[in-house]
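These notes are about the structure you will find just below.
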Amino acid sequence: MNKESIEACLAGKRNRSGQACLIPTEIYYYEITDSTNARAWEETRQSTGNGALFVADRQNNGRGRRGRSWVSPSGKNIYFSLVLRPKLKVEQVSMVTLVMALSVARAIERYTGAKPGIKWPNDILLQGKKICGILTELKLTGNQMDFLVVGVGINVKAQDFPRELAEKAGDLESLCGRSIFRSELLAEVLHCFEQDYACFLEAGDMSGLREAYQERLVNKDRQVQVLDPQGTYEGIARGIAATGQLLVERLDGTLEQVYAGEVSVRGLQGYI
Ligand code: BTN
């Protein structure tokens with residue numbers, strides 16, 4: 001994978017009106033960097049950029065959710081960050097991560113034929129193994145949204161995961177039993193995202209994408225434990241609201257809306 005191969009794969013993609021894709025507007029490629037989210041943040045802080053893509057072959061300070069690190073060896077995986085500047089209210093922003101999760105799942109399905117699931121809000125799973133994580137970071141000016149960095153890590157090739165992840169993580173090539181060209185898959189993800197993001201922006205919420213998202217939702221109709229700072233409770237996940245919250249039916253039949261970021265949701269038997 002390099003900048004030229006990514007550009008060549010993107011050149012073959014057309015949107016619904018037959019035009020070349022608008023995303024990305026430009027590409028920054030690194031053989032090695034600390035974190036593509038950090039690079040995107042630094043480059044965009046001083047600009048009005050929208051749609052730039054930051055890709056690395058290796059990260060030596062890859063960032064995961066909840067302050068964890070994201071192991072990012074060279075030659076194996078896809079690490080990218082996309083800068084977006086939508087006119088959204090802060091409370092709408094968490095939905096962009098759900099949109100990206102759906103686009104990654106769709107792209108993997110188009111490319112490999114395998115149908116990944118989504119663990120709400122944004123882990124992508126294949127055969128129960130996490131193959132992709134998404135970290136969205138938001139730059140505020142006062143209480144207005146300035147820009148977003150949507151960072152995506154996709155495990156593509158076989159690798160030794162750290163011991164604590166070995167049970168939970170997997171890679172696409174081993175799980176699909178075929179080889180994957182990272183530039184091609186990345187171009188497919190961006191192509192799917194362009195369509196899904198346009199649909200999201202038009203509605204201002206997930207209403208046009210909700211069905212497709214729920215079809216892939218691995219938590220659906222399963223028992224979950226909601227780790228709410230106000231108190232942990234159990235229930236059955238029923239789907240998502242048009243505004244992206246997980247809908248959890250409590251044992252007494254009441255329906256809770258669970259907001260991403262504030263709480264975490266666990267399966268009762270392990271990860272899902
Ligand atoms: C998670 O914890 O599930 C989210 C992981 C997100 C990792 C990606 S890799 C590309 C981008 N750059 C980073 O430093 N993190 C994200």
Side-chain angles (χ1 to χ4, degrees), residues 1 3 6 23-24 27-45 52-84 93-94 96-105 107-108 116-126 128-139 147-157 159 161-162 164-172 182-183 185-187 189-190 193 216 218-219 227 246 260-267 271-272:
M1 181 170 65
K3 188 174 172 184
I6 298 167
I23 293 176
I27 300 174
Y28 295 80
Y29 181 83
Y30 308 88
E31 285 297 330
I32 176 166
T33 189
D34 50 352
S35 147
T36 55
N37 269 34
R39 286 309 96 232
W41 188 274
E42 287 307 317
E43 283 293 330
T44 313
R45 242 165 17 125
L53 176 72
F54 296 76
V55 188
D57 181 55
R58 176 178 164 200
Q59 301 181 117
N60 54 19
N61 196 16
R63 310 206 285 233
R65 293 177 74 209
R66 301 181 193 284
R68 287 190 278 252
S69 57
W70 187 258
V71 182
S72 310
S74 67
K76 304 271 182 208
N77 301 320
I78 298 175
Y79 317 110
F80 77 87
S81 303
L82 194 60
V83 173
L84 300 169
V93 166
S94 62
V96 177
T97 315
L98 274 70
V99 176
M100 181 58 88
L102 175 62
S103 308
V104 172
I108 290 173
I118 303 172
K119 179 180 177 283
W120 183 88
N122 52 19
D123 285 350
I124 319 275
L125 313 182
L126 204 56
K129 300 278 190 186
K130 176 165 168 175
I131 49 166
C132 169
I134 304 174
L135 172 70
T136 298
E137 296 180 291
L138 168 62
K139 169 81 167 61
F147 65 84
L148 282 177
V149 175
V150 186
V152 180
I154 307 176
N155 302 333
V156 177
K157 295 176 191 288
Q159 58 208 278
F161 291 107
E164 65 279 11
L165 295 181
E167 280 276 289
K168 192 175 136 177
D171 68 273
L172 269 177
R182 289 179 292 163
S183 304
L185 179 58
L186 172 57
V189 170
L190 295 167
F193 182 74
R216 293 168 170 80
V218 293
N219 318 84
L227 306 176
L246 185 70
E262 288 174 15
V263 297
S264 89
V265 171
R266 296 225 177 107
Y271 174 52
I272 310 172

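What's counted below: heavy atoms across the whole structure, side chains too, no hydrogens, waters or symmetry copies. Since this is a predicted model, take the numbers as computed values, not measurements. Note that ligands are numbered from 1 as they come in the structure, with each ligand's atoms numbered from 1 the same way.
Distances below 4.0 Å separate heavy atoms of Gly62 from the following atoms of ligand 1: 14 (O). Near Arg63, with a cut-off below 4.0 Å to any heavy atom, the atoms of ligand 1 are 5 (C), 6 (C), 7 (C), 13 (C), 14 (O), 15 (N), 16 (C). Residue Thr36 approaches ligand 1 through these ligand atoms, each under 4.0 Å from one of its heavy atoms: 10 (C), 11 (C), 12 (N). Each of the atoms 1 (C), 2 (O), 4 (C) of ligand 1 lies under 4.0 Å from some heavy atom of Arg65.
The shortest contact between atom 3 (O) of ligand 1 and any protein heavy atom is with Lys130 NZ, 2.7 Å. Protein heavy atom nearest atom 5 (C) of ligand 1, with residue, atom name and distance: Trp70 CE3, 3.3 Å. At the top of the distance list for atom 9 (S) of ligand 1, counting protein heavy atoms only, stands Gln59 NE2, 3.4 Å.
Surrounding CD of Glu42 are more than 12 heavy atoms belonging to other residues, nucleotides or ligands, all under 6.0 Å away.
Within the 3.5 Å criterion, the main-chain N or O of Gly128 finds no donor-acceptor partner in the side chain of Lys168. Looking at Tyr79, its side chain never comes within 3.5 Å of a backbone N or O of Phe54 through a donor-acceptor pair. Although no hydrogens or angles enter the test, the distance criterion places a donor-acceptor pair under 3.5 Å between the side chain of Asn155 and the main chain of Gly170.
Here Ser81 has side-chain heavy atoms under 4.0 Å from ligand 1, and that is the only part of it that gets that close. For Val152, every heavy-atom contact with ligand 1 shorter than 4.0 Å involves the backbone, none the side chain.
Looking at ligand 1, you won't find any N or O of Tyr79 less than 3.5 Å from one of its N or O atoms.
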Note to self: If you apply the rule side-chain contact (heavy atoms from CB on, under 4.5 Å), what do you find for Ile154 with Val189, and how did you get there?
What the structure shows: CA-CA 11 Å; Ile154 307 176; Val189 170; 4.2 Å; yes

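You'll find the side chain of Cys132 reaches within 4.5 Å of the side chain of Val152, heavy atoms only.
When each of Leu125, Val156, Ile108, Asp171 is checked for a side-chain contact (heavy atoms from CB on, under 4.5 Å) with Ile131, only Ile108 meets the rule.
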